[in-house]
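Note that ligands are numbered from 1 as they come in the structure, with each ligand's atoms numbered from 1 the same way.
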Amino acid sequence: MCGITGVFGTNASEKVFHGLKALEYRGYDSWGIAFPQKDSFFVKKEIGKIGLAKFSLPTSSTLAIGHTRWATHGNVSKKNAHPQFSNDKKIALVHNGIVENFEELKNKLISKGFSFFSDTDSEIIANLIQFNFKKTGSFEAAVRISLKEIEGGYAIVAIHLGENKLVCARNGSPLVLGFGENEFFVASDVSAFVSYTKQVLFLNDSELAVIDGEVKVFSVDSGKEKKFSLKKINWDIEQAKKGEFKHFMTKEIFEQPETLKLAIKQPEKDVSKFVKLIKSSKKVFLVGCGTSYHSCLSAAYFFSSISNVMVECCIASEFSRVEKFVDKNSLIIAVSQSGETADLLEAIKIAKKNNAKVLSIVNVMGSSVMRISDCYLLMNSGPEICVLSTKSYTSQIAVFLLLAYAVIGKEDEAKRIILKTASSVNSLLKTSDKKMKVLAKKLAKKNDIFVIGRHDAFPVALEAALKIKEVSYIHAEGFAGGELKHGTIALIDKGTPAIVISTPETRKLIVSNAIEMQSRGAFTIGFSSVENSNFDFNLVVPDVGFADAITRIVPIQLLAYYIAIEKNLDPDKPRNLAKSVTVK
Ligand code: AGP
């Protein structure tokens with residue numbers, strides 16, 4: 001879950017530096033840059049976020065690579081920061097992924113006289129290339145042969161001293177090339193170079209590219225050269241900036257009145273493809289991770305209540321549970337903001353192996369999930385930089401509501417509800433902002449927060465707890481209100497915060513749950529369209545029918561944000577997390 005980048009062109013080191021800043025949300029425990037300088041590499045590695053670092057490096061190089069890290073192999077330290085180097089110090093490499101057979105390869109190289117200076121699996125690749133370079137005499141051939149020995153997902157960019165070229169490749173982890181005026185870029189995602197060019201090439205799995213004033217693409221497996229065509233990116237760097245907001249989290253929360261409207265702008269032909277497959281498939285599986293899984297759970301209520309279609313929701317990493325039931329009559333709808341989540345790609349591979357149809361709902365144009373799907377719908381949320389998914393979650397809910405109504409031929413009803421919800425969210429953001437700030441002061445000192453919801457508010461309770469956990473590091477647990485008396489109520493004590501998500505349909509039962517907790521001393525916080533004296537704290541939120549999940553989660557996104565601010569934490573880059581989980 002690192003960010004990697006490389007530049008071939010003028011001021012390469014400076015452009016790599018700024019590219020890393022844009023990629024920081026992918027991993028931010030350490031960073032590094034390297035580029036050839038005379039007959040060695042200039043190397044700079046630092047612990048911590050590149051965020052505020054000022055550029056002060058030599059600019060002469062026309063070649064440079066860089067990396068921002070999310071540690072998987074080896075602790076956070078300068079020696080484990082990238083770029084990693086070969087023993088002969090002639091090869092510099094940045095890597096995103098995990099070498100699953102690192103032990104075997106390391107022992108092989110040690111038996112060939114190689115030694116290792118870091119604890120990373122990435123250093124093994126650099127030495128493997130040195131080892132194979134001796135055999136092939138060609139840098140790109142050595143890279144290709146080395147990659148064939150690696151098990152596990154990877155994306156790499158490498159430089160060989162004395163060769164004026166970048167060699168990069170991917171299998172599982174994302175990699176995109178940018179074609180500028182006499183300059184070329186490669187990165188984990190377009191945000192690293194979108195301010196220089198919007199002409200891009202998304203590398204496919206098992207593809208290798210050589211950039212040396214022109215670009216050639218080869219198959220890693222066969223070595224054969226491959227044709228390619230460029231795509232044009234439809235968003236700009238301004239969209240990936242904070243604007244007047246202090247953090248991306250608030251910027252993206254306040255974008256939701258607009259992103260909700262964009263979410264329902266879907267090509268009719270693709271919506272009908274989804275509808276046709278949802279109706280004709282014997283089994284429909286909704287699959288995702290984290291927040292995307294939570295929107296799948298909300299969708300299950302939409303499909304059963306509106307479309308009268310039974311769907312099965314699966315956490316992607318647990319998809320093997322249903323594998324034997326997946327066949328050519330099955331439909332998988334994969335949901336992912338980044339479109340690069342490794343567990344989801346794995347689940348899709350299983351589904352495809354069983355001849356199932358795979359559709360996807362993604363936010364990132366050109367992402368792996370999008371490209372291996374039979375058809376896809378884009379969330380149209382624009383770049384989501386904050387590690388926490390906020391606008392992409394409500395867009396997923398909106399797209400699913402559109403699909404559920406489309407199955408019964410009533411798209412317009414879904415559009416009416418979402419447009420009404422978008423304007424409700426606009427006023428709700430204004431009315432709830434201050435109240436959430438006040439409430440956050442009270443909750444920031446707490447160790448535990450519980451969130452309950454019934455029926456279609458249950459998945460919202462899960463999402464609410466996830467937002468609070470991710471950004472405030474407070475233990476928060478979301479669960480179905482009906483489960484309260486089956487155990488969790490034992491944890492309710494004097495002053496325990498209990499967030500209660502109420503909808504018109506579930507109000508009676510969920511208020512009685514609130515009373516049960518209040519009688520054990522809980523501080524009950526009600527998100528409901530009706531004030532209620534059984535809540536110690538009330539926030540009135542508008543009812544918008546099936547889209548109630550959206551008007552309930554938006555103020556809780558704000559609450560989570562203000563708790564983080566109250567605790568002086570970075571809401572955009574919470575500890576131990578990364579925006580796109582590209583390793584299993
Ligand atoms: C949500 O705030 C988290 N960032 C995380 O749970 C995320 O939803 C999960 O990793 C799935 O990511 P995706 O939607 O990009 O696949």
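You'll find the ring centres of Y301 and H455 inside the 6.0 Å limit.
Side-chain atoms of D572 and Y28 include no donor-acceptor pair closer than 3.5 Å. Between the side chains of E411 and Q266, no donor N or O sits under 3.5 Å from an acceptor N or O.
Taking the ring axis of Y405 as reference, the NZ or CZ atom of K415 does not stay both within 45° of it and closer than 6.0 Å to the ring centre.
Of all protein heavy atoms, the one lying nearest to atom 3 (C) of ligand 1 is E470 OE2, 3.1 Å. The nearest heavy-atom contact from the protein to atom 10 (O) of ligand 1 is V581 CG2, 3.8 Å. For atom 11 (C) of ligand 1, the nearest protein heavy atom (residue, atom name, distance) is C289 O, 3.3 Å. The nearest protein atom to atom 12 (O) of ligand 1, hydrogens excluded, is given as T341 OG1, 3.6 Å; this is a heavy-atom distance. Protein heavy atom in closest approach to atom 4 (N) of ligand 1: V387 O, 2.8 Å.
No option in S367, S188, S173, S368 other than S368 meets the side-chain hydrogen bond (donor to acceptor under 3.5 Å, both in side chains) test with E340. Results of the salt bridge (Lys or Arg N to Asp or Glu O under 4.0 Å) test with E24 over R69, K49, K573 single out K573 as the only residue that passes.
Looking at T291 next to ligand 1, an N or O pair under 3.5 Å apart turns up. The shortest N or O to N or O distance between K579 and ligand 1 is not below 3.5 Å.
Ligand 1 has K467 within reach: a non-hydrogen atom of the residue lies less than 4.0 Å from it. Taking 4.0 Å as the cut-off, L344 does not count as a neighbour of ligand 1 on heavy-atom distance.
Between K353 and E323 a salt bridge is recorded (basic side-chain N to carboxylate O distance below 4.0 Å).
In summary, the atoms of ligand 1 found under 4.0 Å from a heavy atom of Q337, numbered by their order in the structure, are 13 (P), 14 (O), 15 (O), 16 (O). Residue contact check: L388 has heavy atoms under 4.0 Å from atoms 2 (O) of ligand 1.
Residues S389 and K467 share a closest heavy-atom pair of O-NZ, 2.9 Å.
Of the candidates S389, S336, A560, the one placing a heavy atom closest to atom 13 (P) of ligand 1 is S336.
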